A.B. asks: 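Sending over a structure as structure tokens; questions will come in a sec.
Since this is a predicted model, take the numbers as computed values, not measurements. Start at 1 with the first residue, then count along the sequence.
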Amino acid sequence: MTESPATKPAGGGGGQRARNGLKPERNGLLKSFGCKHELQPTHNCQPEEEEVRSSLYRRPFVESYEETPMLVAVLTYVGYGILTIFGYLRDFLRHWKIERCHIAREREEQKNFVPLYQDFENFYNRNLYMRIRDNWNRPVCSVPGPRMDLKQRVSHDYNWTFEYTDQVIRDVINLGSYNYLGFAENTGPCTDAVAKVTLQYGVGVASTRQEMGNLDKHEVLEELTASFLGVEAAMAFGMGFATNSMNIPALVGKGCLILSDELNHASLVLGARLSGATIRVFKHNNMQNLEKLLREAIVHGQPRTHRPWKKILIVVEGIYSMEGSIVRLPEVIALKKRYRAYVYLDEAHSIGALGSRGRGVVDYFGLDPCDVDVMMGTFTKSFGAAGGYIAGKRELIEYLRTHSHSVVYATSMSPPVVEQIIASMKCIMGEDGTTVGQERIRQLAENTVYFRKRLREMGFTVYGNQDSPVIPMMLYMPSKIGAFGREMLKRNIGVVVVGFPATPIIESRVRFCISSAHTKHLLDKALSVIS
């Protein structure tokens, strides 16, 4: 078990005037964390660091990560080695047309062209992924609530193609959807409100926000989101992935530095790459490593010219969806203030799922929302809808309205989707006159603690923070990925199994996503099957 590490002592650094719409923070440099000399060895400052650590966190911060046992790691590598050998053998048979080849190939008349399909790059997909492909993309034919129905499918060519049967696998316990607060439902006040708005506005908008697609519902949603988060303004977008990938390039560019957590989502990675800014990666949730990069960035400046960086942007997530870990936000903000950097916080999984009021990781730690420069989140999980948002100071939002590609070129959010977000958010805030939202938040927290505790008691290796509704359970070996997913489905439990390259090669896992809609009976039934 690990607790929040102390932040190493360091000196302050001046910040350059920000461009591209972000204004410099007025917060001054933090005082030294109890160390007399800024560059003293850290062992001389341990008591002060411990005191600082306790002052930053108002609640216990406990995360669990067990190192992969040596024997398991060796057997896992051997398993992948055997699969690789057989993969090359099958490629040899395909080359000589002994085995039928299903992969995309160049046409004969184009054999002298530069290859469009790189066979070697797709080796993993051809020979490893195809063996267990039936564990993913299963068609759901009902509401993805605590239980769901799946369309049955069969494959006669070892998962290269699927045929759908007329049979349906009914009442499958859903432990894979991001339905944290149970708003993915087809009955209730939210659904009734959506149906009413659909009759009034229709489904499509057929225009962008800047042209003829700005509805009054969009304005209501953005005002409500800003109030919900406790910030000046917010802006909604139709796609969560594009909220990151299209807005980061609008905030930073050439001459700027992005410090990105090594486990950040692909949308954050893509947005950072598209921005043209320099990217440096720090170890996951490692504040010592982050501070080291910050100090080096301020001391050395840009490569070759050594000019100060125009902006330094720290990019983190609230809950990391593969690890189940929670960002050490109090320490990130402390470093941000000390070095006058900016923080971009992705709350895709944490908004609604963390905090006593469901306001996300900021609420979870009891922090001031104004300390986070750019707050990003999605409506696809806790709100049972689609899209994402950017929130923060009014100057930031007004800048994005004219410079973000997601605003200028993307079609506006569908009115029924907007209404689903508004109705569910009002429920969470208690503005619907009920306590249903608070009860769901409380139930989610109880279900999360209960499920994690039971898994550990049964002897399984579970990763992540004790309060995270994303619960990875380690499988390690490649043969267990497909076997576990299939055997669980046979017992009417739907789970998501994950392996390389989405995880390290020796850390394959099953990822459970807990919902407030899960009853204790459903969780106990799933646990009995898992054991």
A.B. asks: Any non-hydrogen side-chain atom of Tyr344 less than 4.5 Å from a side-chain atom of Leu268?
C.D. replies: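 Tyr344 vs Leu268: side chains touch.
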
A.B. asks: Measure from NZ or CZ of Arg440 to the centre of the six-membered ring of Phe183, then state whether that distance is under 6.0 Å and the direction lies within 45° of the axis.
C.D. replies: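 Verdict for Phe183: a cation-pi partner in Arg440.
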
A.B. asks: Please enumerate all residues that pass ring-ring contact (aromatic ring centres under 6.0 Å, His included) together with Phe237, with sequence neighbours excluded.
C.D. replies: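 If we apply the ring-ring contact (aromatic ring centres under 6.0 Å, His included) test to Phe237, skipping adjacent residues, there are no hits.
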
A.B. asks: How about Met429 and Met425: do any of their side-chain heavy atoms sit closer than 4.5 Å?
C.D. replies: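 Sidechains of Met425 and Met429: in contact.
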
A.B. asks: Partners of Arg90 by side-chain contact (heavy atoms from CB on, under 4.5 Å), sequence neighbours excluded?
C.D. replies: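 Arg90: side-chain contact (heavy atoms from CB on, under 4.5 Å) contacts with Arg94, Glu99, Asn127, Arg131.
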
A.B. asks: What residue among Tyr158, Tyr124, Trp136, Phe123 forms ring-ring contact (aromatic ring centres under 6.0 Å, His included) with Tyr129?
C.D. replies: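 Output: one option passes, namely Trp136.
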
A.B. asks: Name all residues meeting the side-chain contact (heavy atoms from CB on, under 4.5 Å) criterion together with Ser508; count only those two or more places apart in sequence or in a different chain, and write none if there are none.
C.D. replies: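 Scan of Ser508 (side-chain contact (heavy atoms from CB on, under 4.5 Å), adjacent residues dropped) gives Tyr80, Ile481.
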
A.B. asks: Could you verify whether a donor N or O on one side chain and an acceptor N or O on the other, from Ser350 and Glu347, lie under 3.5 Å apart?
C.D. replies: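 On atom types as modelled, these side chains qualify, holding a pair under 3.5 Å.
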
A.B. asks: Are Arg153 and Phe162 in a cation-pi contact, defined as NZ or CZ under 6.0 Å from the six-membered ring centre and within 45° of the axis?
C.D. replies: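 Yes; both conditions hold, so Arg153 lies above the ring face of Phe162.
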
A.B. asks: Counting neighbours of CE on Met458 that are heavy atoms of other residues, nucleotides or ligands and sit closer than 6.0 Å, is the number greater than 12?
C.D. replies: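 Above 12, so yes.
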
A.B. asks: For the residue pair His265 and Ser267, confirm or rule out a side-chain donor-acceptor distance under 3.5 Å.
C.D. replies: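 The answer is yes; a qualifying pair exists.
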
A.B. asks: Taking all atoms of both residues into account, what is the closest heavy-atom pair of Thr448 and Ile514, and its distance?
C.D. replies: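 Shortest heavy-atom contact: N-CG2, 4.1 Å.
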
A.B. asks: The test is side chain to side chain contact (heavy atoms under 4.5 Å, CB included); show your working for Val510 and Val498 and say whether it passes.
C.D. replies: CA-CA 6 Å; Val510 55; Val498 189; over 6 Å; no

A.B. asks: Any side-chain heavy atom of Leu274 within less than 4.5 Å of one from Met246?
C.D. replies: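 With C-beta onward as the side chain, the pair touches.
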
A.B. asks: List in chain and number order the residues that pass side-chain contact (heavy atoms from CB on, under 4.5 Å) with Arg273, two or more places apart in sequence or in another chain; answer none if no residue qualifies.
C.D. replies: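 Only Val269, Ile279 meet the side-chain contact (heavy atoms from CB on, under 4.5 Å) criterion with Arg273.
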
A.B. asks: Looking only at heavy atoms, which two atoms of Pro249 and Ser275 are closest? And how far apart?
C.D. replies: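 Pro249 and Ser275 have their closest heavy atoms at CA-CB, 3.7 Å.
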
A.B. asks: Search all heavy atoms of Ile428 against all heavy atoms of Phe228 and return the closest pair with its distance.
C.D. replies: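 It is CG2-CE1, 3.8 Å.
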
A.B. asks: If the plane angle is over 60° it's perpendicular, under 30° parallel, otherwise tilted; pick one for Tyr65 and His284.
C.D. replies: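 Tyr65 vs His284 ring planes: perpendicular.
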
A.B. asks: What I'd like to find out is whether the side chain of Leu224 reaches to under 4.5 Å of the side chain of Ile421, using heavy atoms alone.
C.D. replies: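 They are not in side-chain contact.
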
A.B. asks: Out of curiosity, Leu221 CG to Asp216 CG, how far, rounded to the nearest 0.5 Å?
C.D. replies: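 Between atom CG of Leu221 and atom CG of Asp216 there are 11.5 Å.
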
A.B. asks: Donor-acceptor pairs are to be reported for all side-chain atoms of residues 138-149 against protein atoms at under 3.5 Å, with residues two or more places apart or in another chain.
C.D. replies:
unit_1, atom_1, unit_2, atom_2, d
Arg138, NE, Asp134, O, 3.3
Arg138, NH2, Asn135, OD1, 3.4
Ser142, OG, Asp149, N, 2.7
Arg147, NH1, Asp171, O, 3.1
Asp149, OD1, Asp171, N, 3.0
Asp149, OD2, Arg170, NH1, 3.3

A.B. asks: Is the shortest distance from a Lys or Arg side-chain nitrogen in Arg442 or Glu439 to a carboxylate oxygen in the other one below 4.0 Å?
C.D. replies: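 Answer for the salt bridge query: no.
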
A.B. asks: Decide side chain to side chain donor-acceptor pair (under 3.5 Å) for Asn247 and Ser404; before the verdict, give the C-alpha distance in whole Å, the side-chain angles of both, and the deciding distance to 0.1 Å.
C.D. replies: CA-CA 6 Å; Asn247 283 298; Ser404 171; 2.7 Å; yes

A.B. asks: Are any of the side-chain heavy atoms of Asp261 and Val281 separated by less than 4.5 Å?
C.D. replies: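 When only atoms from C-beta onward are counted, Val281 and Asp261 do not touch, as no gap falls below 4.5 Å.
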
A.B. asks: Do Leu150 and Val168 come within less than 4.5 Å of each other through their side chains, counting heavy atoms only?
C.D. replies: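 No, their side chains stay 4.5 Å or more apart.
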
A.B. asks: With a 6.0 Å cut-off (strictly less than), is the heavy-atom count around CD of Glu109, excluding the residue itself, greater than 12?
C.D. replies: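 Enclosed.
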
A.B. asks: Which pair of non-hydrogen atoms, one from Lys480 and one from Leu475, has the smallest distance, and what is that distance?
C.D. replies: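 Nearest pair, atom of Lys480 first, then Leu475: CD-O, 3.3 Å.
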
A.B. asks: Run the side chain to side chain contact (heavy atoms under 4.5 Å, CB included) check on Ile351 and Phe383 step by step: do they pass?
C.D. replies: CA-CA 9 Å; Ile351 192 67; Phe383 302 95; 4.1 Å; yes

A.B. asks: Drop me the distance from Ser382's OG to Tyr180's OH, to the nearest 0.5 angstrom.
C.D. replies: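 Spacing of OG (Ser382) from OH (Tyr180) equals 7.0 Å.
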
A.B. asks: Would a 4.5 Å heavy-atom cut-off, applied to side chains only, mark Val408 and Arg209 as touching?
C.D. replies: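 Heavy-atom side-chain distance check fails, nothing below 4.5 Å.
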
A.B. asks: Any chance you could lay out the side chain to side chain donor-acceptor pair (under 3.5 Å) test for Thr503 and Glu507, step after step, and finish with the verdict?
C.D. replies: CA-CA 6 Å; Thr503 67; Glu507 293 185 6; over 6 Å; no

A.B. asks: Just by distance, with hydrogens left out, do Asn285 and Tyr320 show a side-chain donor and acceptor under 3.5 Å apart?
C.D. replies: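 No, no side-chain donor-acceptor contact under 3.5 Å.
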
A.B. asks: CD1 of Ile326 to CD of Glu317: how many Å apart, nearest 0.5 Å?
C.D. replies: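 Here the interatomic distance stands at 12.5 Å.
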
A.B. asks: How would you list all residue pairs meeting side chain to side chain donor-acceptor pair (under 3.5 Å) that involve residues 408-427, not counting sequence neighbours?
C.D. replies: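 Output for this query lists Lys217-Glu419.
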
A.B. asks: Tell me the closest heavy-atom pair linking Val252 and Ala277, and the distance in Å.
C.D. replies: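 Smallest heavy-atom distance, with atoms named: CG2-CB, 4.3 Å.
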
A.B. asks: Going through the checks in order, is the side chain to side chain donor-acceptor pair (under 3.5 Å) test met by Asn465 and Glu323?
C.D. replies: CA-CA 9 Å; Asn465 192 284; Glu323 303 298 313; over 6 Å; no

A.B. asks: Just by distance, with hydrogens left out, do Glu219 and Asn214 show a side-chain donor and acceptor under 3.5 Å apart?
C.D. replies: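 Checked: Glu219/Asn214 side chains pair up, N/O donor to acceptor below 3.5 Å.
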
A.B. asks: Any side-chain donor paired with an acceptor under 3.5 Å for Asp524 and Tyr450?
C.D. replies: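 A donor-acceptor contact under 3.5 Å links the two side chains.
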
A.B. asks: Work out which heavy atom in Gly79 is nearest to a heavy atom in Pro478; give both atom names and the distance.
C.D. replies: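 Closest pair (atom of Gly79, atom of Pro478, distance): C-CG, 4.3 Å.
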
A.B. asks: In sequence, state the C-alpha distance, the side-chain angles, and the governing distance for Asn244 and Asp346, and then conclude on side chain to side chain donor-acceptor pair (under 3.5 Å).
C.D. replies: CA-CA 8 Å; Asn244 279 329; Asp346 179 348; 3.0 Å; yes

A.B. asks: Check whether any side-chain heavy atom of Arg357 sits under 4.5 Å from a side-chain heavy atom of Ile441, and report yes or no.
C.D. replies: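 Side chain of Arg357 against side chain of Ile441, heavy atoms only: no contact under 4.5 Å found.
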
A.B. asks: For side chain to side chain contact (heavy atoms under 4.5 Å, CB included), just list the numbers for Arg491 and Lys525, CA-CA rounded to whole Å, side-chain angles, deciding distance to a tenth of an Å, and then say yes or no.
C.D. replies: CA-CA 10 Å; Arg491 293 159 176 79; Lys525 182 177 180 181; over 6 Å; no

